[in-house]
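See structure below.
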Amino acid sequence: MANIKEVTIIGSGPAGYTAAIYSARANLNPTLISGLQPGGQLTITTDVENYPGYENPIQGPWLMEQMQKQAQLVGTEILNTQVNKVEFNDSLKKIFLDDGSIIESKTVIISTGAQARWLGLENEEKFQGHGLSACATCDGFFFKDRKVAVIGGGNSAAEEALFLTKFASEVFLIHRRDQLRAEKILQDRLKNNSKIKFIWNTEVSKFIGDQDLKSIELYHKDKNENSNLDLDGVFIAIGHDPATNLFKGQIDMDSEGYIITKPDSTETSLKGVYAAGDVKDKIYRQAITAAGMGCMAALEAEKFLS
């Protein structure tokens with residue numbers, strides 16, 4: 001008879017590792033499939049100052065490494081591979097792996113996360129964590145009394161810009177159109193904040209610096225000319241994409257591809273399938289909230305199995 005798993009976790013950020021720790025401690029012998037980027041988005045952040053329990057800043061990759069070791073120590077089997085396909089329609093869920101093997105599992109916890117959309121410019125990766133960020137809540141504190149820019153025109157760009165005014169001396173909001181898509185109330189708050197300066201009809205064409213970002217090259221579409229802007233930090237806020245393509249057509253999602261769960265629960269539209277972290281959360285998107293949801297998913301899976 002096939003080796004049927006009690007709990008299989010797809011994804012390995014704070015949500016996945018926490019789900020694994022709780023499942024393992026409940027003697028459910030979880031299997032965690034780490035995916036392409038073990039540790040998720042935290043592996044591309046540097047200093048983490050807002051994860052409880054650490055007096056001094058810690059490194060994102062180190063935190064994920066510790067969570068992984070803890071999950072393994074309590075009995076999680078970790079597979080460093082990725083999932084090609086899933087079939088969730090039967091009571092036993094089937095997960096097809098890269099190496100051709102198939103896992104059958106009574107419950108599945110999806111914690112595949114989301115990725116910030118980036119501009120796709122040449123040296124963008126080089127400056128990530130070195131003056132370039134996609135999360136003001138995570139990194140805004142490091143730009144106290146500094147000059148920063150936010151790229152984008154929707155609600156998230158407006159919220160990031162407003163949040164950054166708590167720390168930065170000046171916040172440039174750069175948008176490729178001549179008006180924002182953000183809600184009217186947010187637009188009013190931006191206009192009433194003396195720290196915020198708008199740069200309209202403009203795109204970023206280049207990031208400039210040595211180790212750290214020092215300035216950006218701008219292309220002004222209406223004037224058809226370029227200029228340089230010296231800055232200490234840039235925040236990209238053009239949205240996130242949840243990693244949910246694998247599950248399309250099998251569980252309910254919203255129009256943006258985020259998994260829909262029941263109120264006060266991580267349970268999806270399918271019994272025995274749970275979703276935790278950024279794959280279902282487009283509001284908070286923090287390591288601590290993802291970890292909390294991972295705990296919830298494991299406890300719900302345990303209850304379902306018993």
Side-chain angles (χ1 to χ4, degrees), residues 10-18 34-46 48 50-51 60-61 63-64 82-83 109-121 124-125 127-129 131-140 148-164 173-177 180-183 186 203-204 207 233-248 251-261 266 268 274-294 297:
I10 306 175
S12 58
Y17 287 138
T18 307
S34 67
L36 265 181
Q37 190 184 27
Q41 292 182 76
L42 269 186
T43 56
I44 57 164
T45 48
T46 47
V48 176
N50 54 6
Y51 200 86
L63 179 61
M64 289 298 91
Q82 53 180 333
V83 178
I109 295 170
I110 299 167
S111 56
T112 45
Q115 273 117 19
R117 283 184 212 136
W118 296 91
L119 297 175
L121 295 178
E124 201 165 44
E125 243 175 82
F127 292 119
Q128 284 173 18
L132 186 60
S133 171
C135 179
T137 328
C138 319
D139 300 326
V148 300
V150 175
I151 320 292
N155 281 354
S156 49
E159 284 160 4
E160 300 264 278
L162 289 164
F163 179 81
L164 287 164
L173 187 54
I174 301 167
H175 188 40
R176 59 188 176 164
R177 300 196 175 91
L180 302 175
R181 297 186 316 278
E183 290 166 11
L186 289 172
E203 291 176 357
V204 177
F207 295 115
V234 174
F235 292 82
I236 313 281
I238 54 173
H240 283 72
D241 293 312
T244 53
N245 281 342
L246 266 180
F247 316 108
K248 282 196 171 134
I251 47 180
D252 290 353
M253 300 180 191
D254 70 9
S255 59
E256 293 171 78
Y258 287 88
I259 295 172
I260 296 167
T261 55
T266 62
T268 68
Y274 306 89
D278 288 14
V279 80
K280 63 143 283 180
D281 166 30
K282 53 182 164 185
I283 298 167
Y284 303 106
R285 290 202 291 259
Q286 299 299 304
I288 188 72
T289 49
M293 280 182 260

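Excluded from the calculations below are hydrogen atoms, water molecules and symmetry mates; all remaining heavy atoms, backbone and side chain alike, are included.
The backbone N or O of Ile10 sits less than 3.5 Å from a side-chain atom of Ser111, completing a donor-acceptor pair. Side chain of Thr289 to backbone of Gln286: a donor-acceptor contact under 3.5 angstrom is found. Of the possible polar contacts, none joining the Arg176 side chain to the Glu203 backbone as a donor-acceptor pair under 3.5 Å is found. Between the side chain of Glu160 and the main chain of Ser156, no donor-acceptor pair closer than 3.5 Å is present. In terms of modelled atom types and a separation under 3.5 Å, the side chain of Ser133 and the main chain of Asp139 share no donor-acceptor contact. Between the Thr112 side chain and the Ala243 main chain, a donor and an acceptor come within less than 3.5 Å of each other. Between the side chain of Ser12 and the backbone N or O of Gly39, at least one donor-acceptor pair lies under 3.5 Å.
Here the straight-line distance linking atom OH of Tyr274 with atom NZ of Lys280 works out to 13.5 Å at 0.5 Å rounding. Rounding to the nearest 0.5 Å places CG of Asp281 at 6.5 Å from CD1 of Ile283.
Considering Arg285, His240, Gln41 in turn, Gln41 is the only one that fulfils the side-chain hydrogen bond (donor to acceptor under 3.5 Å, both in side chains) rule with Asp278.
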*Tell me, with the steps shown, if Asn155 and Glu183 meet side chain to side chain donor-acceptor pair (under 3.5 Å).*
CA-CA 6 Å; Asn155 281 354; Glu183 290 166 11; 3.1 Å; yes

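Applying the ring pair (Phe, Tyr, Trp, His ring centres under 6.0 Å) criterion to Phe163, with sequence neighbours excluded, gives Phe167.
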